[in-house]
Amino acid sequence: MAKKKISWELYSYGEYSRWERTSRKLPKLLKITDRILIQPDIEFGYVIKIKGAKGKLVEFKIDHPPFKDKHGKVEPAFKGQYFVNSNDYEFFLGDTVWEPYDDKAGEWVLTTWLDGKVLAEKTITLYL
């Protein structure tokens, strides 16, 4: 039996409406851009559409400018993974900014992998 071919597409990227993380609905794309003015409640990131990968493990990482946590330590890159739960799947990878805003300005590099292969990588620059 032939293996199903997995396909993916970086569907959109840029500035999005506020995302409710508990909701199944993805945030709404407000503007396609890789430069975003820092302001409250703005989400940024990208949406990938993945087909034929049900049950596969997707990994992601968000490299960000060096900002500190509440204990004064530099926050490491944000990393995670999830299982694709359908054969026609949409995934949002992104973040929002919080105060203080000045240490969030700079390049944020978002990367997503499937089976060790990069599906998408996008650099988004946040500025004041």
Side-chain angles (χ1 to χ4, degrees):
M1 186 171 197
K3 267 186 159 181
K4 282 187 179 178
K5 182 174 166 105
I6 296 171
S7 63
W8 64 89
E9 163 188 20
L10 177 60
Y11 181 72
S12 62
Y13 63 89
E15 191 175 309
Y16 292 83
S17 62
R18 186 84 178 156
W19 184 38
E20 295 300 323
R21 289 176 178 13
T22 56
S23 172
R24 296 188 68 139
K25 293 173 85 176
L26 296 180
K28 182 181 176 189
L29 178 65
L30 300 175
K31 182 165 83 173
I32 292 179
T33 182
D34 56 8
R35 291 188 43 80
I36 297 173
L37 176 64
I38 293 175
Q39 52 189 317
D41 295 328
I42 288 296
E43 294 275 347
F44 62 92
Y46 59 62
V47 172
I48 301 174
K49 290 187 175 187
I50 306 170
K51 294 185 184 243
K54 184 176 181 178
K56 294 279 191 174
L57 182 67
V58 171
E59 298 175 274
F60 62 86
K61 180 169 82 165
I62 301 175
D63 287 303
H64 51 72
F67 56 82
K68 296 180 179 173
D69 66 15
K70 62 184 176 184
H71 305 292
K73 295 188 178 202
V74 174
E75 284 277 358
F78 304 135
K79 296 179 182 181
Q81 55 187 337
Y82 67 94
F83 284 97
V84 176
N85 63 14
S86 71
N87 278 321
D88 195 2
Y89 193 73
E90 292 184 346
F91 171 66
F92 174 73
L93 178 61
D95 210 338
T96 189
V97 293
W98 57 95
E99 293 189 57
Y101 297 126
D102 61 331
D103 64 356
K104 310 307 181 299
E107 290 187 347
W108 292 64
V109 182
L110 292 71
T111 311
T112 305
W113 295 267
L114 177 72
D115 292 336
K117 192 186 238 182
V118 173
L119 296 185
E121 182 174 81
K122 188 75 182 160
T123 300
I124 297 178
T125 303
L126 303 183
Y127 66 94
L128 292 169

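Any value given below was found using the heavy atoms of this structure, including those in side chains, with hydrogens, waters and symmetry copies removed. Source: prediction; values computed, not measured.
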Item to complete: Kindly give the heavy-atom pair with the smallest separation between Glu121 and Tyr46, and that separation in Å.
Response: N-OH, 4.4 Å
Worksheet entry | Distance in Å, Arg18 CZ paired with Leu30 CG, rounded so as to fall on 0.5 Å steps | 12.5 Å
Practice prompt. List the steps, then state whether salt bridge (Lys or Arg N to Asp or Glu O under 4.0 Å) holds for Lys49 with Glu90.
Written response: CA-CA 5 Å; Lys49 290 187 175 187; Glu90 292 184 346; 3.5 Å; yes
Practice prompt. Would you check if Tyr16 and Val47 make a side-chain contact, meaning some heavy-atom pair closer than 4.5 Å?
Written response: yes
Worksheet item: Can you find a heavy atom in the side chain of Asp95 that is under 4.5 Å from one in the side chain of Phe78?
Response: yes
Discussion item. Applying a strict under-4.5 Å side-chain criterion to I, L, V, M, F, W and Y, I'd like to know whether Val118 and Val109 cluster together.
Written reply: no
Report all side-chain donor-acceptor pairs from residues 57-67 shorter than 3.5 Å, counting only partners two or more places apart or in another chain.
residue: His64; atom: NE2; partner: Pro76; partner atom: O; Å: 2.8

Fill in: Beyond-backbone contact of Val84 with Tyr82, side-chain heavy atoms, under 4.5 angstrom
yes
Practice prompt. Taking the side chain as every heavy atom from C-beta outward, state whether Thr123 and Trp108 have any pair of such atoms under 4.5 Å apart.
Written response: no
Worksheet item: Should the heavy atoms of other residues, nucleotides or ligands under 6.0 Å from OH of Tyr11 be counted, would the total exceed 12?
Response: no
Discussion item. Does any part of the side chain of Val97, heavy atoms only, come nearer than 4.5 Å to the side chain of Phe44, both counted from C-beta?
Written reply: yes
Worksheet item: Would a 4.5 Å heavy-atom cut-off, applied to side chains only, mark Lys56 and Asp115 as touching?
Response: yes
